[in-house]
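One structure is given below, encoded as structure tokens.
Order of the sequence lines fixes the chain letters, A, B, ..., with proteins taken first and strands second; residue numbering starts at 1 for each chain. Atoms considered below: every heavy atom in the structure, side chains included; atoms not considered: hydrogens, waters and symmetry mates. Fair warning: this is a prediction, and the values are worked out from it, not measured in the lab.
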Amino acid sequence: MLDKHYDPHKVEEGKYEKWKEEGYFQAGRDLSKQPFSMVIPPPNVTGKLHLGHAMDTTIEDIIARYKREVGYDVLWVPGMDHAGIATQAKVEEKLSKQGLSRFDLGREGFLNKAWEWKHEYADTIHSQWAKMGLSVDYTRERFTLDEGLSAAVRHVFVTLYKEGLIYQGEKIINWDPELRTALSNIEVIHKDDEGEFYYFKYDVVGTDKSLIVATTRPETMFGDTAVFVNPKDKKYADLVGKMVINPANGEEIPLMADEYVDISFGTGAMKCTPAHDPNDFLLGKKYGFKFIKCIDETAHMNEIAGPYKGMDRYECRKALVDKIKEDGHLVKIEKIVHSVGHSERSDSVVEPMLSKQWFVKMKPLAEKVLATQKGSDKVNFVPRRFEKVLTRWMSTVEDWCISRQLWWGHRIPAYTNIKTGELVVTEEEMDPKEWKQDEDVLDTWFSSALWPFATLGWPDTETADFKRYFPTSVLVTGYDIIFFWVSRMVFQSLHFTDKSPFHEVVIHGLIRDAQGRKMSKSLGNGVDPIDVIEKYGVDALRYFITNNCTPGMDMRYIDEKVGAAENYLNKIWNACRYVEGVLGEDYTPRPIDKKTLGVLDAAIIDKLMHTIKSVRSEMDKYHFGQASSILYDFVYDDFCSSYLEMSKIALSHEGAEADVTKDVLYTVMKDIILMIYPYTPFVTEEMYLSLPGHKKSIMEEPYPEYDRHLINKKAVEKLSILEGMIKDIRNYKSTNGMAPNAKVRLLVSPAEPFEGSGEYLKRFTFASSYEIKGESLGGSSFLYPGYELMVEEDVDPAILKEKLLKEKETLEFEISRSEKMLGNPGFVSKAPKEKVDLEKAKLEKNKGILESLKNKLASL
RNA sequence: GGAUGCUUAGCUCAGCGGGAGAGCAUCGCCCUUACAAGGCGGGGGUCACAGGUUCGAAACCUGUAGCAUCCACCA
């Protein structure tokens, strides 16, 4: 027997372990079923999981559990990401608290620390997955740095290299001076920062003229190789070709003309620093300049900066500007807001810098994606608009810088011969005495990109899992990592397996705080899912997520809503407790027999069928919020408030009527539980096990099926008349200042809506008497299609009249509306016939009611 | 500079071509034997604005405004 109150913690205890032991999460237990597969977006082993993870994985778990119920052999692969930069930064931070740097430990020692860190956080993550109830297949768990993934990474790297799609080159890359590593373009976040625009005077050699050049980055002037103007710019036409003096170091550099320069920007004259700016780099190449680096890897000035050597780039900027000012070459300083690149991880200002790195040549790979998206093997996004995010990026993508100057990650399989300097890229282990391996590791996303196929055994394409579960069915992830992850999985998969890695991508938004702000450490507004679970239970948290997420949209975390979810679960819990009590221990479930159903039974079963149909349809479209609210309405209104209350009367009539009612209660309750189960597996398991005739677990039950033979429109209509009567009487009492349980006498005419309906009416309205009158009722009766009802209590006639007049007004409005519609030839000829018929029927009905209403008013 | 999304009840949000919905909040009444973490009843909205398409628009199209996000090498 269920307890009187739903206690989430008591309910949740032990269930997950049981499911896991029984092997319910394991894929491939019944190969006769259709496969359905997903991979978890591997969380970083940097720390605890946050609410965003809770949302993402809850959605996946709903899908997994639903698909199992519907009859699929579901594989949901769990795993974690080594998260190169992020984890290394955490470990280094920890070390620095002990006064150590990674260089003190050396590569090997540091990696040991990193692995310790990984194990610690992997444990935390595992326990959080268990708390959340995720039905992942632990027998197939993977890690992005495990043996298999590492082999896949090496294979991909070597293959792409041999195909000419990976190359080593010297280009301007984004350098994070704090973490001291290169970054890819998308790891740089551009922010609008306030800065200064410095205008300096450059003397032109051999003349008494000068020109003014504006820059935001004076400290890079030591690396300048020219000043450029636009060839069409008349201001400088006579000066082009002469030398000008760099006010930073007094060196002579040429004044040149190139179309690239925008005449209208600044002074129209631009300094060129080929080693510290991507555009200047291109100019440098075009004109064969030297590439002079003046800033080092820690963002300090090097020897090129002469007296400024050793200064931080900003210190140097300040000192240099002061000096130029002293020299009389500073014209003015303007405040400007400009876009400055920051490292996604360290938030330090990224230094564009010439550097030798490894790159993936993106164009051919991206073109494959774009072509695929036009065909039948395309990846379908939910919502659809996110496909454009992918294709737009793919069509403008630049080469991907994949090498990182870190230790934690997949080491690049490139070796240089110590004696000859020969470079070899190979999957084989090379003898370290002869060959020196590249020091760098790969971008984390390089390995994550292989996740959907490498976790299934690839590059071995003959493994059972790869053959059965690849391509995967669906991927669930946030819109913020479409570039980082989704796009890269797609192009790697297309290139290496010739298939898209998944058929569908379900995109969700971010979870924000109650004020709509992003949750962040600096704001301290983060919510720990574990705290929420402590307070309300996992199921309430899961239900909150289910009910409040709309595909592709951000969601706010609102504590009271989780509370509301818990209350809802308590409601269902109590309904179940009632059903359980009613059925008793001897009850044996029987299928619904259409022929034996009473009006109320037939009506609730009809509504159940409609609910099953629409819920399934929404579930299939991944509209969980929609699905759960359709269910909510059915559970709350149709089942709890209506049928369940009414069943109390039927049950008091012992015999066949009571038996049928029990069958209906059982069926509806069980179907409700089975439909809510994917959202809130713990409570529903507990409730399920309290019902008679249950199996070992709810996980062995199939999803409810829609049966069109159980549709009964007439019964629903009759019920709606009864419910209308009840509502009118309740409202009548309320507006007349009577207590809800005040006794009233009722009359109906010319008959009751269905046999026995009077008993329900009486009970639901606390009527002391109930009588059927053959003839029409005068005065204050309520009207329904074909029926009248009257409350025989003395009430203030003024209130009554007011009520009737209000009713008349709305009726007249309704009638005129219908007449207007039906009088519109366009509507009658163009609207669907059923709409027109519906409107006609409404008009007739309302006209009839208005007629009797007028009589009543006259007789008052 | 491009692109996308949002603007609906006091608050947070669904709905996205056939008569305005939910949760919370609010007001009134009720300990009715599943649930007071409850029940019953009520109040509250020219669905941002302006045009257009349609028999019919909160929903579709085009603009406008405000907010948000993403992309972009403007020195």
Side-chain angles (χ1 to χ4, degrees), chain A residues 2 4-6 172 185-186 190 197 213-217 220 228 260-262 264-273 277-282 338-339 341 352 383 385-386 388-389 392-393 396 398 479-480 482-483 509-510 514-516 518 544 547-548 550 552-558 560-561 563-582 623 625-626 629 632-633 636 640-641 644-645 648 726-727 730-735 737-742 763-766 814 817-818 821 824-832 834-836 838-839 842:
Chain A
L2 296 175
K4 184 165 180 186
H5 285 297
Y6 157 53
I172 297 274
N185 295 348
I186 51 177
H190 292 275
F197 208 19
V213 176
T215 179
T216 52
R217 304 209 53 201
T220 63
F228 275 96
Y260 171 76
V261 179
D262 180 350
S264 59
F265 191 88
T267 62
M270 178 193 94
K271 70 183 205 59
C272 178
T273 323
D277 182 281
N279 294 309
D280 296 2
F281 174 75
L282 295 176
H338 62 152
S339 182
R385 74 184 122 94
F386 287 100
K388 265 189 275 175
V389 177
R392 186 178 296 273
W393 191 66
T396 58
E398 302 209 359
Y479 60 68
D480 52 327
I482 293 177
F483 299 148
L510 265 38
Q515 282 94 54
K518 232 170 155 171
F544 163 77
N547 196 234
N548 289 285
T550 312
M553 291 286 144
D554 288 352
M555 183 198 339
R556 293 192 192 192
Y557 174 81
I558 294 174
E560 298 83 68
K561 285 199 182 186
E566 193 191 359
N567 289 352
Y568 173 51
L569 296 176
N570 183 57
K571 179 85 182 171
I572 304 171
W573 175 273
N574 274 288
C576 187
R577 198 165 72 93
Y578 166 79
V579 172
E580 186 193 357
V582 163
H623 295 171
Q626 283 300 106
S629 43
Y632 181 93
D633 290 344
Y636 234 98
C640 291
S641 298
L644 192 146
E645 288 301 328
K648 290 169 186 172
I726 292 168
K727 189 153 187 160
R730 284 173 170 170
N731 174 266
Y732 176 89
K733 286 187 185 178
S734 169
T735 51
M738 298 161 78
N741 55 0
R763 174 173 174 124
F764 277 66
T765 64
F766 296 88
E814 292 299 310
R817 180 184 160 278
S818 295
M821 276 178 89
N824 177 346
F827 177 72
V828 180
S829 61
K830 290 188 182 172
E834 53 182 285
K835 289 284 166 204
V836 180
L838 204 74
E839 212 50 47
K842 257 190 257 175

- Note on the structure: Value for OG1 (A:Thr220) from NZ (A:Lys271), rounded to nearest 0.5 Å, stands at 2.5 Å
- Query: Could a donor-acceptor pair under 3.5 angstrom be found where the side chain of A:Lys561 meets the base of B:rC24?
  - Reply: no
- Message: Measure CD/A:Glu566 against P/B:rG23 and give the value in whole Å, please.
- Response: 17 Å
- Task: State, without any angle test, whether A:Thr765 and A:Lys733 hold a side-chain donor-acceptor pair at a distance under 3.5 Å.
- Result: no
- When rounded to whole Å, the CG to C1' distance for the pair A:Asn547 and B:rC13 reads 10 Å
- Partner of B:rU26 under the Watson-Crick or G-U wobble criteria, both distances under 3.5 Å, comes out as B:rG42
- Can a side chain N or O of A:Arg217 be found less than 4.0 Å away from OP1 or OP2 on B:rA75? no
- Message: Taking any heavy-atom pair under 4.0 Å as a contact, classify A:Thr396: base, sugar-phosphate, or nothing.
- Response: nothing
- Message: Looking at B:rA37, I'd like to know if its phosphate oxygens (OP1 or OP2) sit under 4.0 Å from a side-chain N or O belonging to A:Lys4.
- Response: no
- In whole angstroms, how far is the P atom of B:rG18 from the NZ atom of A:Lys842? 13 Å
- Does B:rA34 have a Watson-Crick or wobble partner in any strand here, with both distances under 3.5 angstrom, and which is it? none
- Message: Would A:Phe827 and A:Val836 count as a side-chain contact (heavy atoms from CB on, under 4.5 Å) here? Give the steps.
- Response: CA-CA 8 Å; A:Phe827 177 72; A:Val836 180; 4.0 Å; yes
- Would you name the heavy atoms of A:Phe544 and A:Arg556 that are closest together and state the gap between them? CZ-O, 3.4 Å
- Message: Any heavy-atom pair between the side chains of A:Arg217 and A:Pro352 that's under 4.5 Å?
- Response: yes
- Query: OP1, OP2 of B:rA34 versus side-chain N and O of A:Tyr636: anything below 4.0 Å?
  - Reply: no
- Note on the structure: Closest non-hydrogen atoms of A:Leu2 and A:Arg577, given as atom of the first, atom of the second and distance, are O-CD, 3.5 Å
- Which whole number of Å gives the distance between the P atom of B:rC40 and that of B:rU32? 14 Å
- Where the side chain of A:Thr215 is defined as all heavy atoms beyond and including C-beta, which of B:rU32, B:rU12, B:rA75 is the nearest nucleotide? B:rA75
- Message: I need the CD-C1' distance between A:Gln515 and B:rU12, as an integer number of Å.
- Response: 12 Å
- Query: Hey, are the side chains of A:Tyr578 and A:Lys648 touching, using non-hydrogen atoms and a 4.5 Å cut-off?
  - Reply: yes
- From the list B:rU12, B:rA75, B:rC73, which nucleotide is the closest neighbour of the side chain of A:Phe197? B:rA75
- Message: If the cut-off is 4.0 Å, is A:Thr273 near the phosphate of B:rA75, judged by side-chain N/O to OP1 or OP2?
- Response: no
- Task: Just call it for A:Tyr632: base, sugar-phosphate, or nothing, with non-hydrogen atoms closer than 4.0 Å on any strand.
- Result: sugar-phosphate
- Nucleotide forming a Watson-Crick or wobble pair with B:rU7, both distances under 3.5 Å: B:rA65
- For B:rC70, which nucleotide in any strand shown is its Watson-Crick or wobble partner with both distances under 3.5 Å? B:rG2
- Checking all strands, does A:Lys648 fall into the base, sugar-phosphate, or nothing category for heavy-atom contacts under 4.0 angstrom? base
Distances under 3.5 Å only, N/O to N/O: pair up the protein atoms with those of nucleotides 57-62 of chain B.
none

- Message: Under a 3.5 Å cut-off for both contacts, is B:rC60 paired Watson-Crick or G-U wobble with anything, and if yes, with which nucleotide?
- Response: B:rG52
- Task: Could you work out which one of B:rG18, B:rC73, B:rA75 sits closest to the side chain of A:Met821?
- Result: B:rG18
- Rounded distance [0.5 Å steps], OG1 in A:Thr216 versus CZ in A:Phe197: 6.5 Å
- Task: Taking atom C1' in both B:rG38 and B:rU33, compute the distance separating them and give it to the nearest angstrom.
- Result: 14 Å
- Which residue lies more 5' along RNA chain B, comparing A:Phe483 with A:Lys727 via nearest heavy atoms: A:Lys727
- Residue closer to the 5' end of RNA chain B, A:Gly516 versus A:Glu560 (nearest nucleotide): A:Gly516
- Query: Would you say B:rC40 has OP1 or OP2 under 4.0 Å from some side-chain N or O of A:Asn731?
  - Reply: no
- Item | P spacing across the pair B:rG21 / B:rG51, given as an integer number of angstrom | 27 Å
- Message: Less than 4.0 angstrom between a side-chain N/O of A:Arg730 and OP1 or OP2 of B:rC40, yes or no?
- Response: no
- Query: For A:Trp573 and B:rG38, what is the distance between atoms CH2 and C1' respectively, to the nearest whole Å?
  - Reply: 17 Å
- Query: If you measure from CD on A:Glu839 to OG on A:Ser818, what distance do you get to the nearest 0.5 Å?
  - Reply: 4.0 Å
- Given the C1' atoms of B:rG39 and B:rC35, what is the spacing between them in whole Å? 9 Å
- Report which part of the nucleic acid A:Arg392 touches: base, sugar-phosphate, or nothing (heavy-atom distance under 4.0 Å, all strands). sugar-phosphate
- Message: Any base atoms under 4.0 Å from A:Cys272, or only sugar-phosphate, or nothing? Heavy atoms, all strands.
- Response: nothing
- Nucleotide B:rC24, atom P - distance to CG of A:Asn567 in whole Å: 7 Å
- Query: Side chains of A:Leu510 and A:Tyr479: closer than 4.5 Å at any heavy-atom pair?
  - Reply: yes
- Task: Verify the contact: side-chain N or O of A:Tyr578 to OP1 or OP2 of B:rC35, cut-off strictly under 4.0 Å; return yes or no.
- Result: no
- Task: Write down the distance separating the P atoms in B:rG17 and B:rU7, rounded off to the nearest Å.
- Result: 15 Å
- Closest to the side chain of A:Ala564, out of B:rA75, B:rG23, B:rU4, is B:rG23
- Message: Give me the distance, rounded to whole Å, that separates B:rC29 from B:rA20 when you measure between the C1' atoms they each carry.
- Response: 27 Å
- Message: Just to be sure I understand the rule, does A:Tyr260 reach a base, reach only the sugar-phosphate, or reach nothing, if contact means heavy atoms closer than 4.0 Å?
- Response: base
- Task: Classify the nucleic acid contact of A:Pro825 as base, sugar-phosphate or nothing, counting any heavy atom under 4.0 Å across all strands shown.
- Result: nothing
- Task: Would you kindly check whether a donor in the side chain of A:Glu645 faces an acceptor in the base of B:rA34, or vice versa, at under 3.5 angstrom?
- Result: yes
- Of all the choices, B:rU12, B:rG38, B:rG18, which nucleotide is nearest to the side chain of A:Pro832 once you look at every atom? B:rG18
- Task: Would you classify A:Met553 as touching base, sugar-phosphate or nothing, given that sugar-phosphate means primed atoms plus P, OP1 and OP2, and contacts are heavy atoms under 4.0 Å?
- Result: sugar-phosphate
- Which base sits across from B:rG17 as a Watson-Crick or G-U pair, both distances under 3.5 Å? none
- Message: For a quick check under 3.5 Å, do A:Tyr260 and A:Asp280 share a side-chain donor-acceptor pair by atom type?
- Response: no
- Query: Is the shortest side-chain N/O distance from A:Ser734 to OP1 or OP2 of B:rC40 below 4.0 Å?
  - Reply: no
- Task: To the nearest Å, give me how far apart CG (A:Leu644) and C1' (B:rU33) are.
- Result: 13 Å
- Nucleotide nearest A:Pro278 when distance is taken to its side chain, options B:rC73, B:rG39, B:rA75: B:rC73
- Is A:Thr550 touching bases, backbone alone, or none of the nucleic acid, heavy atoms closer than 4.0 Å? sugar-phosphate
- Message: When the C1' atoms of B:rG45 and B:rU26 are compared, how many Å lie between them, rounded to an integer?
- Response: 16 Å
- In whole Å, what separates the P atom of B:rU12 from that of B:rU54? 38 Å
- Message: In whole Å, I'd like the distance from the NZ atom of A:Lys835 to the C1' atom of B:rG56.
- Response: 11 Å
